[in-house]
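Below you'll find the structure, written out as structure tokens, and then a few comments.
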Amino acid sequence: MSDILAFDLGASSGRAILGRLKDGKIETEELHRFPNDPVQTGDRLHWDILRLYHEIKQGLLKAKLKGIQPLSIGIDSWAVDYGLIAADGSLLSNPLHYRDSSSAGMMERLQEELTPAEIFKRTGIQFLPFNTIYQLYAAKLNQSPQLAAAKHFLMIPDLLRYFLTGEMHNEFSNATTTQLYNPLKQQWDGELLQHLGLPQSLFGQVLQPGSPAGNLQPSVQEELGLGPIAVHAVAEHDTASAVVAVPALERSFAYLSCGTWSLLGTEIQEPIMTAEAEQLNFTNEGGFGGTYRLLKNIMGLWILQESRREWERSGQNYSFPELVKLAGEAPAFTAFIDPDDPVFMAPGDMPARVKEYCRKTNQPVPEEVGTLVRCILESLAFKYRYVLELTERLSGQQFNGLHMVGGGIHNTLLCQWTANAIGKPVWAGPAEGSAIGNLAVQWIARGEFADIWEARRVIRDSFPVTIYGPEQGEAWYDGYGRFLEITALR
């Protein structure tokens with residue numbers, strides 16, 4: 001049997017997905033799903049990394065109870081966050097959450113020492129205030145005792161792999177997101193590390209996706225009653241895994257990985273590190289097979305998720321399908337926001353922030369729940385068009401439509417409105433893109449697929465893709481013009 005196991009960790013939940021190849025198609029089964037809730041301690045926001053490790057072991061146990069010992073395991077997660085390991089191999093502290101306030105203002109402060117152009121020409125990475133470089137810069141300025149004692153730097157999947165195997169490796173797709181990796185030299189950027197006062201020895205060997213990264217160590221085997229399962233470094237940034245799973249048949253394609261974050265771009269062979277790419281704040285993140293993902297981060301469904309949490313706190317309990325239904329019944333194009341305005345970054349009262357944004361931009365204030373949700377979703381769809389057009393400009397390509405993958409495709413209204421906004425078809429599927437891409441890289445590493453294109457063909461044959469054609473073209477064309485004016489993106 002070709003049973004393998006993917007652990008896919010998102011910013012709000014994680015899952016263990018069993019995959020097998022049967023009759024030329026992929027079959028998947030969700031063995032375990034669990035929440036991934038950050039923990040506030042004092043004024044710090046942490047990931048509960050040991051709980052996540054516990055849940056990974058629960059996923060392994062559930063496979064065992066089904067009489068399955070997977071041939072291999074892969075882990076993918078969100079980017080930028082990390083753990084520090086002491087000389088004795090122990091974790092020095094729970095990793096900070098990228099929305100923690102400790103790195104606030106650090107991007108601007110570092111740019112007083114190194115210009116954005118200097119940083120971009122070394123890394124090709126989008127400037128975001130929570131990038132790893134700014135988290136480490138904050139730790140250095142604050143004389144962090146954990147950083148002073150650290151001997152190894154491991155990102156979230158690296159860290160969980162270390163717990164399982166006892167081996168420490170950094171993986172390419174996630175390493176590039178730190179804004180400390182030089183894609184032209186294909187190594188950590190020594191000059192940036194030196195400027196930050198970080199020892200080169202802190203950062204380990206960078207493995208390409210598909211590389212072997214150890215086996216379950218004996219203590220884990222004994223605890224779980226399992227044998228020596230192989231562990232692979234997959235495309236460990238979840239977006240990199242999602243892009244592997246894009247069921248594209250053409251070599252030139254655009255994708256949107258849609259969830260808490262939205263990441264829209266295209267797959268390229270070499271990074272585009274031009275002055276225009278820097279000015280447009282695009283990023284070149286590593287992908288499978290030495291490729292790069294020319295893309296832009298968009299705030300995504302985070303704004304809607306936080307709004308729902310705020311309504312729950314006030315006793316208004318809406319399911320996501322209920323919110324989508326209310327949005328569909330609300331009047332169109334009442335008001336718009338720029339989803340990437342910094343006001344929407346931190347957790348908090350998102351409905352109040354949306355309303356305040358509308359007041360400041362002299363728009364009608366969306367007081368009803370449905371109207372506010374429609375404002376968020378329409379604005380996302382228009383932002384997708386804006387970034388898609390920039391992606392075409394930077395890459396020199398013209399795309400016939402947009403592949404949408406990830407949990408966000410369950411929001412059929414957003415899929416349809418995205419097609420309306422871009423004026424091109426949207427191909428939505430698969431929903432579990434990151435987990436499926438994780439599985440695909442393992443199968444490529446095991447020789448089950450010849451390459452990524454064979455994997456994508458099998459993925460297309462194995463999972464349904466829903467096609468959304470554009471509708472109401474003139475109304476959406478006019479709405480986009482208003483969106484650009486209100487958000488000052490024109």
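Everything quoted here is computed from the prediction, not taken from an experiment. All heavy atoms count here, side chains included; hydrogens, waters and symmetry mates do not.
Thr371 places no side-chain N or O within donor-acceptor distance of the main-chain N or O of Ala330, the cut-off being under 3.5 Å. Side chain of Thr266 to backbone of Ala254: no donor-acceptor contact under 3.5 angstrom is found. Counting only distance, with no hydrogens or angles, the side chain of Ser2 and the backbone of Leu21 share a donor-acceptor pair below 3.5 Å. At distances below 3.5 Å, not a single donor-acceptor pair connects side-chain atoms of Ser241 with backbone N or O atoms of Gly437. The closest donor-acceptor contact from the side chain of Asp76 to the backbone of Ala242 lies at 3.5 Å or more, if one exists at all. Distance alone, capped at 3.5 Å, places no donor-acceptor pair between the Gln472 side chain and the Ala475 backbone. No donor-acceptor pair closer than 3.5 Å links the side chain of Thr123 to the backbone N or O of Gln179. Remark: the backbone N or O of Leu207 is not paired with any side-chain donor or acceptor of Ser211 at under 3.5 angstrom. With Glu55 contributing its side chain and Phe34 its backbone, the two residues share no donor-acceptor pair below 3.5 Å. A donor-acceptor distance shorter than 3.5 angstrom exists from the side chain of Asn170 to the backbone of Phe153, with no hydrogens or angles considered.
Other residues, nucleotides and ligands contribute at most 12 non-hydrogen atoms within 6.0 Å of the NZ atom of Lys325. Counting heavy-atom neighbours within 6.0 Å of Glu454 CD, excluding the residue itself, gives a total above 12. With a 6.0 Å radius and a threshold of 12 heavy atoms from other residues, nucleotides or ligands, Phe320 has its CZ atom above the threshold. Heavy-atom neighbours of Asp341 CG from other residues, nucleotides or ligands within 6.0 Å: above the threshold of 12. Residue Gln269 qualifies as open at atom CD: its count of foreign heavy atoms under 6.0 Å is 12 or below.
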Test log, rule side-chain hydrogen bond (donor to acceptor under 3.5 Å, both in side chains), inputs Ser462 and Arg460: CA-CA 6 Å; Ser462 302; Arg460 190 176 185 92; over 6 Å; no

Criterion side-chain hydrogen bond (donor to acceptor under 3.5 Å, both in side chains) on Gln186 and Asn182, from CA distance to verdict: CA-CA 6 Å; Gln186 297 184 23; Asn182 190 318; over 6 Å; no

Test log, rule side-chain hydrogen bond (donor to acceptor under 3.5 Å, both in side chains), inputs Glu30 and His32: CA-CA 6 Å; Glu30 183 181 292; His32 185 46; over 6 Å; no

Intermediate values then yes/no, salt bridge (Lys or Arg N to Asp or Glu O under 4.0 Å), Glu285 and Arg293: CA-CA 5 Å; Glu285 296 174 354; Arg293 292 169 287 124; 2.9 Å; yes

Trp78 vs Asp238, side-chain hydrogen bond (donor to acceptor under 3.5 Å, both in side chains): CA-CA, chis, key distance, verdict: CA-CA 6 Å; Trp78 64 97; Asp238 53 8; over 6 Å; no

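Note that CH2 of Trp443 and CG of Asn438 are 10.0 Å apart. Values are rounded to the nearest 0.5 Å. Summarising the geometry, atom CD belonging to Glu236 is positioned 12.0 Å from atom CG belonging to Asp8; distances are rounded to the nearest 0.5 Å. Here the straight-line distance linking atom CG of Leu323 with atom CG of Leu377 works out to 9.0 Å at 0.5 Å rounding. Between the NZ atom of Lys57 and the CG atom of Leu164 there is a distance of 8.5 Å, given to the nearest 0.5 Å. Separating the CG atom in Leu18 from the OG1 atom in Thr28 is a distance of 8.5 Å, to the nearest 0.5 Å. Distance check: Glu392 CD to Phe399 CZ gives 6.0 Å after rounding to the nearest 0.5 Å.
Ring geometry, Tyr255 versus Phe253: the interplanar angle falls from 30° to 60°, so the pair is classed tilted. Ring geometry, Trp476 versus Phe333: the interplanar angle exceeds 60°, so the pair is classed perpendicular (tilted spans 30 to 60°). Note on ring orientation: taking the six-membered ring where Trp is involved, the planes of His403 and Trp427 are tilted (angle from 30° to 60°). Tyr357 and Phe344 have tilted rings, their planes meeting at an angle from 30° to 60° on a 0 to 90° scale. Between Tyr98 and Trp261, the ring planes lie tilted relative to each other; the angle falls in the 30° to 60° range. Taking the six-membered ring for Trp and thresholds of 30 and 60 degrees, Tyr53 and Phe163 have ring planes inclined between 30 and 60 degrees apart. Phe382 and Phe336 have perpendicular rings, their planes meeting at more than 60° on a 0 to 90° scale where under 30° would count as parallel.
Closest of all the heavy-atom pairs between Arg313 and Gly348 is NH2-O, 4.0 Å. Residues Ile376 and Ser307 share a closest heavy-atom pair of CD1-OG, 3.9 Å. Of all non-hydrogen atoms in Thr291 and Phe172, the two that sit nearest each other are O-CE2, 3.9 Å. A pairwise comparison of heavy atoms in Leu372 and Pro351 identifies CD1-O, 3.8 Å as the closest pair. For the pair Phe449 and Ala455, the tightest heavy-atom approach, listed with the atom from each and the gap, is CD1-CB, 3.5 Å.
Judged by the 6.0 Å distance and 45° axis criteria, Arg456 is positioned over the aromatic ring of Trp453. A cation-pi contact links Arg99 to Trp302, judged by a cut-off of 6.0 Å to the six-membered ring centre and 45° from its axis. A cation-pi arrangement is absent between Arg308 and Tyr318 under the rule of less than 6.0 angstrom and at most 45 degrees off the ring axis.
Between Ile303 and Val354 there is a side-chain heavy-atom pair separated by less than 4.5 Å. For the pair Glu310/Met350, no side-chain contact is recorded, criterion being any heavy-atom separation below 4.5 Å from C-beta on. Two residues are said to be in side-chain contact when any heavy atoms from C-beta on lie closer than 4.5 Å; Leu264 and Leu402 meet this criterion. In this structure the side chain of Asp3 never reaches within 4.5 angstrom of the side chain of Leu71, judged on heavy atoms. The side-chain heavy atoms of Val234 and Ile75, taken from C-beta on, include no pair separated by under 4.5 Å. Considering only heavy atoms from C-beta on, Val426 stays 4.5 Å or farther from Leu256 through its side chain. By the 4.5 Å heavy-atom criterion applied to side chains, Met345 and Met299 are counted as neighbours. Val206 is listed as a side-chain neighbour of Trp188, based on a closest heavy-atom distance under 4.5 Å.
Comment: Glu432 engages Arg33 in a salt bridge, judged by a side-chain N to carboxylate O separation of less than 4.0 angstrom. Using a 4.0 Å cut-off between charged nitrogen and carboxylate oxygen, Glu29 and Lys66 count as a salt-bridge pair. The residues Arg393 and Glu276 are annotated as salt-bridged, a charged nitrogen and a carboxylate oxygen being separated by less than 4.0 angstrom. Between Asp461 and Arg457 there is a salt bridge, since at least one side-chain N of the basic residue sits less than 4.0 Å from a carboxylate O of the acidic one. Between Glu267 and Arg251 there is no salt bridge, since none of the side-chain N atoms of the basic residue sits less than 4.0 Å from a carboxylate O of the acidic one. Ion pair Arg374/Glu329 not flagged as a salt bridge, since none of the NZ, NE, NH1 or NH2 atoms sits closer than 4.0 Å to an Asp/Glu carboxylate oxygen.
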